[in-house]
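Chain naming here is simple, since letters A, B, ... match the order of the sequence lines and numbering starts at 1 in each. The analysis underlying the following values was restricted to heavy atoms, covering all of them including side chains, and did not include hydrogens, waters or symmetry mates.
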Amino acid sequence: MPELPEVEILRRHLEPLLKGRTVRHVTVRRAKVLGKTPVRDFKRRLQGATFQKLERRGKFLLFKLKTVRAGDRGRLVGHLGMTGRMYLQAAGAKLPKHAVVVFNLGRRNFVFEDTRYFGRLTFDDRSLARLGPEPLGPEFTTAYLAAALKRSSQAIKVKLLDQSLVAGVGNIYASEILFRAGISPRVAANRLTLAQVQRVGAATRAVLQDAIAGGSTIPLDWAGEGTKDGWFYFGRTAETPDYYTERLQVYDRQGQPCPVCGTSIRRLVQAARSTFYCPQCQK
DNA sequence: CACCATGTTCCTTG
DNA sequence: CCAAGGAACATGGT
């Protein structure tokens, strides 16, 4: 599921559902996702805690909790990894095969499901310290980006995936951003002109903002049957309008015509990840 | 069986 | 110390 737009959409969806709800009981089915937090500590801090705000930093969700013990400022950090999902379902409903952590909130359960177990739900917040600026925040300026890119000879596509450069861009939107900017994914970061850096910054904001706007129109109900992991990016269901499936211009469209010039979209591998681009539009 | 997949962290090499 | 590249993590789809 998850790059910045998907996490932001999930945050907006979950916050009103969780706010004011108190955790009655915690079930941990895969201790791995707690990271360094021991299961016993995790449960002790969460039992009786009440959800307050839900924030986002890059691809991380930050659950602000009012905990039972005074002075224990609860900040639970969530990350969806590659296949994580979070949703509420009736307390009596059957849990999915890969339910990893379940919070009972009374009549409903808040479920963290993660097929590949790459996700995290933990009180260990050290990952956050390594993040660069929010791409939709005031610190993500052309001046910042130019200075940061100057220090790297890595290909710009690979650099966009570096969470310490900018927090929240993943493999799908990195290709989309460079297509929008009209820049080849192979160009070394430190060889971009200032005008190109400016375009990368503007395209980053535009692509992410558009994705959030598009996804926010869709009702989320992952507890229901018939929804798939690819829902956000590619999915077509009875409820999703056609335009939504057209949102991605180049990702996973190898061999298809470029939506701008008709040239065949190409795939290449960089840092062991697929990149998609139009060889005509992106020089 | 082979290859691919929305992510992060750790280890090695230079 | 840093940058860069690759493997590991784990499961499922095609």
Does [N] have OP1 or OP2 under 4.0 Å away from a side-chain N or O of [X]?
X: A:R130; N: B:dT9; value: yes
X: A:S127; N: B:dT9; value: yes
X: A:S153; N: C:dA4; value: yes

Taking atom [atom2] of [N] as reference, at what distance in whole Å does atom [atom1] of [X] sit?
X: A:D162; N: C:dA3; atom1: CG; atom2: P; answer: 9 Å
X: A:L161; N: B:dT9; atom1: CG; atom2: C1'; answer: 15 Å
X: A:R29; N: C:dT11; atom1: CZ; atom2: C1'; answer: 15 Å
X: A:K32; N: C:dT11; atom1: NZ; atom2: C1'; answer: 11 Å
X: A:I156; N: C:dA3; atom1: CD1; atom2: C1'; answer: 16 Å
X: A:R85; N: B:dT6; atom1: CZ; atom2: C1'; answer: 12 Å
X: A:D114; N: C:dC9; atom1: CG; atom2: P; answer: 16 Å
X: A:K36; N: B:dC10; atom1: NZ; atom2: C1'; answer: 11 Å

Pairing of [X] and [Y] as salt bridge, 4.0 angstrom limit:
X: A:D114; Y: A:K32; value: no
X: A:E134; Y: A:R56; value: yes
X: A:R12; Y: A:E8; value: yes
X: A:E15; Y: A:K53; value: no

Contact nearer the 5' end of DNA chain C, comparing A:Y117 with A:K159 | A:K159
Per-residue pairing states of DNA chain C in dot-bracket (Watson-Crick or G-U under 3.5 Å; . unpaired, | other strand) read .||||||||.||||
What's the gap between [N] and [M] when it is taken at their [atom1] atoms, as a whole Å value?
N: C:dC9; M: B:dC1; atom1: C1'; value: 22 Å
N: B:dT6; M: C:dA4; atom1: C1'; value: 23 Å
N: B:dT9; M: C:dG12; atom1: P; value: 24 Å

Which nucleotide wins on minimum distance to the side chain of [X], given the candidates [options]?
X: A:M82; options: C:dA4, C:dG12, B:dA5; result: B:dA5
X: A:H98; options: B:dT6, C:dT11, B:dT9; result: C:dT11
X: A:Q163; options: B:dT8, C:dC9, B:dG7; result: B:dT8
X: A:R116; options: B:dG7, B:dT9, B:dA5; result: B:dA5
X: A:R273; options: B:dT8, B:dC4, C:dG12; result: B:dT8
X: A:K97; options: C:dG12, B:dT6, C:dA10; result: C:dG12
X: A:S152; options: C:dG12, B:dT6, C:dA4; result: C:dA4

Nearest heavy-atom approach of A:E113 to A:Y87 is OE1-OH, 2.8 Å
Is the ring centre of A:F118 under 5.5 Å from the base ring centre of C:dC9, and are the two planes under 30° apart, so that they stack?
-> yes
Report yes or no: is there a donor-acceptor pair, N or O only, under 3.5 Å between the side chain of A:R151 and the base of C:dA3?
-> no
Base, sugar-phosphate, or nothing: which does A:R126 touch, judged by heavy atoms less than 4.0 Å apart?
-> nothing
Kindly confirm or rule out a cation-pi arrangement of A:R45 over A:F123, judged by NZ or CZ under 6.0 Å from the six-membered ring centre and within 45° of its axis?
-> yes
Mark yes or no for whether A:R30, through its side chain, and A:H98, through its backbone, hold a donor-acceptor pair below 3.5 Å.
-> no
Would you check if the side chain of A:E176 reaches a backbone N or O of A:Y251 as a donor-acceptor pair within less than 3.5 Å?
-> yes
What pairs with A:R130 under salt bridge (Lys or Arg N to Asp or Glu O under 4.0 Å), at least two apart in sequence or on another chain?
-> none
